Amino acid sequence: MEPISRAIELNVGYRKNFPILENCNLEIYLGEMIALLGPNGSGKSTLIRTWCGLQKQLSGKIVSIPEVSFSLVPQVKNINFGFPMSVKDTLLLPRKAKTFFKKVKFTLKEEELLEKSGITNILYNQISQCSGGQLQKVLIVRSLFSYAKIIFLDEPMDALDPTTTQTMLEVLKSFKKENQMSFFLITHNASQEFLDNFDRVFEIQLKQIVQKK
Amino acid sequence: MKEFFSNLILFLPQFFLGSILGMFLSVLGIILILRKMAFFGVTLSQVANFSFALSLFLGFREESFPLIFSVLILVPVFYFTRTTKSKSDTVLGIIFVSFGSLAQVLLSFGGNVQNHLLSAYFGDILTSEIKIKSFMLLVLGVNIILFIFLYQKIIFFSFDPDEYKVRNYPKYVEILFLAIVTSMLSISVNLLGSFYSAAQLIIPGFTALYLFRKLFLVILFSILLSFFATLIGFYISFQEIHYKNETIFLPTSSSIVVCLATLCLIFVSFRKWYTHK
């Protein structure tokens, strides 16, 4: 099977001669779940930001098939939650931005997913009133509703309790199965129980990406 | 009151333009505040001020020149604030004082500096010969339509710029939004002064965001506050004030700004009192 996106000899970082991650060779196949572990400052977020096109690579390249689309679940701290918007507005905003004041709504399947994720009961709450965990779930679901082929998730489960983490992993898995998409998730959770949910697991060690599973 | 309305009819074009500009600036200001770019907006008003002075200095009397200069200067200013390693508010502070002073230097070449300066900073909506020229109306109209058309994209971009870019939404939206802000500020500074423009950009939006949690209500309240402050400001400036055996009239633009600030203080205090009750 051909990968839908691949990093070739990728060097990422902020200063030209000082890459924080070197010679990264990694492929993403359709329908797989990948986890990336690594200590703070090892370049995990920089790698996915580069892969998404938010910053330039120092060298190397990223090759994707033309039909590929990306979405990014950022860390909660990177989002401006002072915005006067409800959870529903937040989830529908990307869709509204594509139309011109046309009414947009969730499909039945999406409503089911909202229910499963425990978002239905906070749908009309203001995002400024949501807890960190609730916001994290909202951001994950917003990305799922993009139906992007590859969704990058930057420490998405960090603010979630173990039960909610497992629920959200189940949501990701069922959504992936139904919609043929791939997930690339950054995490600090190295427990076997958590990592068992992924098809492949990588770790950053000494500026290199090493496959663990 | 009857006298006020007959005066208002006399100055209807000024009132019409002042309130429309104010209301539109207040809506643009909400987005700048939400993006933590309020100081950027205030700095842009100084850039517009400088463009106004530069046009006078070069002898370009057409209204289009300050507007074109402002938009042209916006691009390097924006690029510079985004790419500098220093904190952007520091850089904006430098740009603010530099362009403000440059405007003063250029205006001094024209003679009658004090009048020009007063006009540039505080506006002279009633005393100057204001003609609502078709060019200004065209720019105002185009900007309002463009803003409505791009509204959802601007909100998405402002809320989560990274995801906006990752999903491949049009990249021009940010620069177009800033061009709208700059051109509106340029027209507003030209007619009503930089203080009026900066005040309309920040005060109604700040007050509305303090009071409401729904974007629709924030925008609506901001528009209403801007309109009523303009109306009250006009009313105050039409009143004869007897002070030290002289009859004086308060300046209109400054009266509007003081009204805005006072209303802001009243609403914010009321909200604080209400939430503590």
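In this text, all values refer to a predicted model and were calculated from it rather than measured experimentally. Residue numbers start from 1 in every chain, and the chains themselves are labelled A, B, ... in the order their sequence lines are given, proteins ahead of strands.
When all heavy atoms of A/Ala97 and B/Gln152 are compared, the closest pair comes out as CA-CB, 3.7 Å. Across every non-hydrogen atom of B/Asp160 and A/Pro74, the tightest pair is OD2-CG, 4.2 Å.
Rounded to the nearest 0.5 Å, atoms CZ (B/Arg213) and OG (A/Ser128) are 5.0 Å apart. To the nearest 0.5 angstrom, B/Lys153 atom NZ is 8.0 Å from A/Thr99 atom OG1. Of the inter-residue distances, the one linking B/Ile30 atom CD1 with A/Phe83 atom CZ reads 10.5 Å to the nearest 0.5 angstrom. We find the NZ-CZ distance between B/Lys165 and A/Arg49 to be 8.0 Å, quoted to the nearest 0.5 Å. With rounding to the nearest 0.5 Å, the separation of CZ in A/Arg95 from CZ in B/Phe156 is 11.5 Å.
For A/Glu178, the CD atom counts as densely surrounded, since its 6.0 Å shell holds more than 12 non-hydrogen atoms of other residues, nucleotides or ligands. More than 12 heavy-atom neighbours from other residues, nucleotides or ligands sit within 6.0 angstrom of OH on A/Tyr147. Around atom CZ of B/Phe228, no more than 12 heavy atoms belonging to other residues, nucleotides or ligands sit under 6.0 Å away. More than 12 heavy atoms of other residues, nucleotides or ligands sit less than 6.0 Å from atom NZ of A/Lys173.
Of the possible donor and acceptor atoms, none in the side chain of A/Asn80 sits under 3.5 Å from a partner among the backbone N and O of B/Ser158.
Residues B/Val218 and A/Pro84 meet the side-chain proximity criterion, which asks for heavy atoms closer than 4.5 Å. B/Phe216 is not listed as a side-chain neighbour of A/Asp89, based on a closest heavy-atom distance of 4.5 Å or more. Residues B/Lys214 and A/Gln126 meet the side-chain proximity criterion, which asks for heavy atoms closer than 4.5 Å. Side-chain contact check for B/Ile155 versus A/Lys96: every heavy-atom pair is 4.5 Å or farther apart.
Residue contact with chain B, scored on non-hydrogen atoms closer than 4.5 Å, is absent for A/Ser69. For A/Ile127, the part lying under 4.5 angstrom from a heavy atom of chain B is the side chain only. Within the 4.5 angstrom heavy-atom criterion, atoms from both the backbone and the side chain of A/Leu72 approach chain B. With a threshold of 4.5 angstrom between heavy atoms, B/Leu209 approaches chain A through side-chain atoms but not through N, CA, C or O.
The greatest number of non-hydrogen atom pairs below 4.5 Å with chain B, out of A/Gly82, A/Gly53, A/Ser71, is found for A/Ser71. Annotation: maximal heavy-atom pairing with chain A below 4.5 Å, among B/Phe159, B/Tyr164, B/Tyr169, occurs at B/Phe159.
A side chain to side chain contact (heavy atoms under 4.5 Å, CB included) with B/Glu163 holds for exactly one of A/Cys52, A/Pro94, A/Ser143; it is A/Ser143.
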